[in-house]
Protein chains: 2
Amino acid sequence: MKSEHIPKATIGRLAVYIQVLENLLRDGNDVISSEKLARACSVNSSQIRKDLAYFGEFGVRGVGYYVQELITSIKQSLGIDRVWKCALIGVGNMGTALLRHHDFERRGFQIAAAFDCDPDKIGLEFGDMEIVCPTHLKEQAPEMGLEIGIIATPPDRAQRAANHLVDANIRGIINFAPSRINVPPHIPVEYVDFFDHLYSIAFQITLGND
Amino acid sequence: MKSEHIPKATIGRLAVYIQVLENLLRDGNDVISSEKLARACSVNSSQIRKDLAYFGEFGVRGVGYYVQELITSIKQSLGIDRVWKCALIGVGNMGTALLRHHDFERRGFQIAAAFDCDPDKIGLEFGDMEIVCPTHLKEQAPEMGLEIGIIATPPDRAQRAANHLVDANIRGIINFAPSRINVPPHIPVEYVDFFDHLYSIAFQITLGND
DNA sequence: ATTAACTTGTTAAAAAAATCACAAGCTTGC
DNA sequence: GCAAGCTTGTGATTTTTTTAACAAGTTAAT
Ligand SMILES: NC(=O)c1ccc[n+]([C@@H]2O[C@H](COP(=O)([O-])OP(=O)(O)OC[C@H]3O[C@@H](n4cnc5c(N)ncnc54)[C@H](O)[C@@H]3O)[C@@H](O)[C@H]2O)c1
Ligand SMILES: NC(=O)c1ccc[n+]([C@@H]2O[C@H](COP(=O)([O-])OP(=O)(O)OC[C@H]3O[C@@H](n4cnc5c(N)ncnc54)[C@H](O)[C@@H]3O)[C@@H](O)[C@H]2O)c1
């Protein structure tokens, strides 16, 4: 099929499929049907087949999908069959948790440089990486091949951080701060806010009460 | 209008509206039109009016929405016009960042108790809260009025943590661990995984390249 | 070889969500 | 008091997404 436009929801589900498939593989499952995978992911099996069809034909009729092969195919489709180098801006509570999280590389991402404007933080070492001032971003980004920016500053500093990233020709941005940022339209921005999920839970609980 | 079923995407957008409205209020805007709010949130103005219509009529024709009033109405609609007490399970990198984050209460949530099974962590104090073993959950949850569980354990411990929460009659769960959990159907579960967003960015960047 | 039991990829149908378009309502100025 | 100018709330329409249905391909057993 190999379609042009892919729904955003599909991307989100592919992330879930990878997660579940990796567990299946660890448990020794070599082959899986869309029906079984669907149950494990709490979705409809046609949904899975349709999601995969956007990118190609990965299964065998009458058999199912070879798990390892499917994982590889999905990762290729998403563009995470390689490591993306990320620049972290803002090394506070959140930034530190991210730096200490050792799952990034395995999942296709590497925080290769960390920036903070607090003089008390500049110079601190994290593994083989030193925290430096965001003004160095423009010079370090091309040198180090930084492509994705992760903003973890307070909300009123997020735009400033975004400006540094844009100026350094970064190609995409994740913003953990609860504020909208303005960047040129060719740079994709994703907002991460746990409170979305907390609101959703609160709402679902409240709803159930009526 | 006051409809029965509300799209999940609507809840996500309401969270964005609150964020933007609070900034508008801080900047001294008392009234806003759906058109202007729409631009600030990068959505369609009918979308905003429709989202709000699910919950009631909050605007004044010819005028717009009174910002403070609208914030209050949205919070009421979502059920966050009060503080929800949360139980954190797993006080590692992520859990610690959450505990140190002082935005929770302002946003309607409070991490009122923290649990970890690591003997080195049990007994540590965080403000006026002491980390205790998850076996105490069942006894503390009703005592303290804990309603929402936040799982921040390693993925292979998430199900165990979920079981503790279910056993303690918790009403909803946020899972930060990258693994699916099984709980009774009346308990809503939300999965938080930043990698969704990283995948999405990687995909959007890769796509732009073709 | 043929049949029966599965499972995919895809087309068709249904459902859901987003957008448009406009009547209804508020405000201001004359 | 009325007209002109806005802006909401909502039915109608369009677009998007999800689900169902099934032909086509695979395997295994007889
Ligand atoms: N910690 C959490 O659990 C959590 C949860 C949800 C959202 N967030 C959001 O994530 C962001 C970071 O949260 P945190 O808890 O780490 O805050 P924090 O205050 O601990 O850290 C912010 C860091 O950003 C640095 N900084 C400020 N301005 C900067 C600039 N212009 N350039 C570079 N660095 C700059 C500060 O020096 C500090 O180190 C906030 O916007 C917060 O709302 C955090
Ligand atoms: N740190 C991050 O930035 C980050 C990012 C994305 C996802 N996550 C996910 O969040 C989860 C936590 O990450 P982390 O970095 O804090 O890990 P961590 O290893 O630092 O912390 C895990 C904590 O859970 C505790 N724990 C283990 N089993 C437990 C149990 N049965 N009951 C109670 N506590 C238990 C451990 O003692 C430890 O303190 C992981 O699943 C991780 O994949 C973390």
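Only heavy atoms go into these numbers, but all of them, side chains included; no hydrogens, no water, no symmetry mates. Owing to the predicted nature of the structure, the values given are computational and were not obtained by experimental measurement. So you know, we letter chains A, B, ... as the sequences are listed, proteins then strands, and number each from 1.
Between B:R107 and B:E22 there is no salt bridge, since no side-chain nitrogen of the basic residue lies less than 4.0 Å from a carboxylate oxygen of the acidic one.
To the nearest angstrom, P of C:dG25 lies 16 Å from CZ of B:R49. The distance from atom CD1 of B:I48 to atom P of C:dA17 is 18 Å, rounded to the nearest whole Å. When rounded to the nearest whole Å, the span between CG of B:L37 and C1' of D:dT8 equals 13 Å. As a whole-Å value, the separation of A:Y54 OH from C:dT11 C1' is 13 Å. One atom, CG of A:D30, and another, P of D:dT27, lie 15 Å apart when rounded to the nearest Å. As a whole-Å value, the separation of A:Q47 CD from D:dA21 P is 16 Å. Separating the CD atom of B:E57 from the P atom of D:dT7 is a distance of 18 Å, rounded to the nearest angstrom. Rounding to whole angstrom units, OH of residue B:Y66 and C1' of C:dT27 are separated by 10 Å.
Looking only at side-chain heavy atoms (C-beta outward), B:I201 and B:H197 stay at 4.5 Å or farther from each other.
A:S46 contributes a side-chain N or O that forms a donor-acceptor pair with the base of D:dA20 under 3.5 Å. Residue B:K50 places a side-chain atom within donor-acceptor reach of the base of C:dT19, judged by atom type and a 3.5 Å distance cut-off alone.
Using a 4.0 Å heavy-atom cutoff across all strands shown, A:S34 reaches sugar-phosphate atoms only and no base atom. If you check every strand for non-hydrogen atoms under 4.0 Å, B:S33 touches sugar and phosphate atoms only.
Taking the nucleotide of DNA chain D with the nearest heavy atom to each of A:N44 and A:R61, the more 5' of the two is matched to A:N44.
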task = Carefully, step by step, assess A:W84 and B:T206 under the rule side chain to side chain contact (heavy atoms under 4.5 Å, CB included).
result = CA-CA 11 Å; A:W84 292 83; B:T206 306; 3.5 Å; yes
task = For ring pair (Phe, Tyr, Trp, His ring centres under 6.0 Å), just list the numbers for A:F195 and B:F104, CA-CA rounded to whole Å, side-chain angles, deciding distance to a tenth of an Å, and then say yes or no.
result = CA-CA 9 Å; A:F195 287 95; B:F104 271 91; 5.0 Å; yes
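For B:Y65 and D:dC6, the shortest distance from a side-chain N or O to OP1 or OP2 is not below 4.0 Å.
Closest approach of A:A141 to A:I170, counting heavy atoms only: CB-CD1, 4.4 Å.
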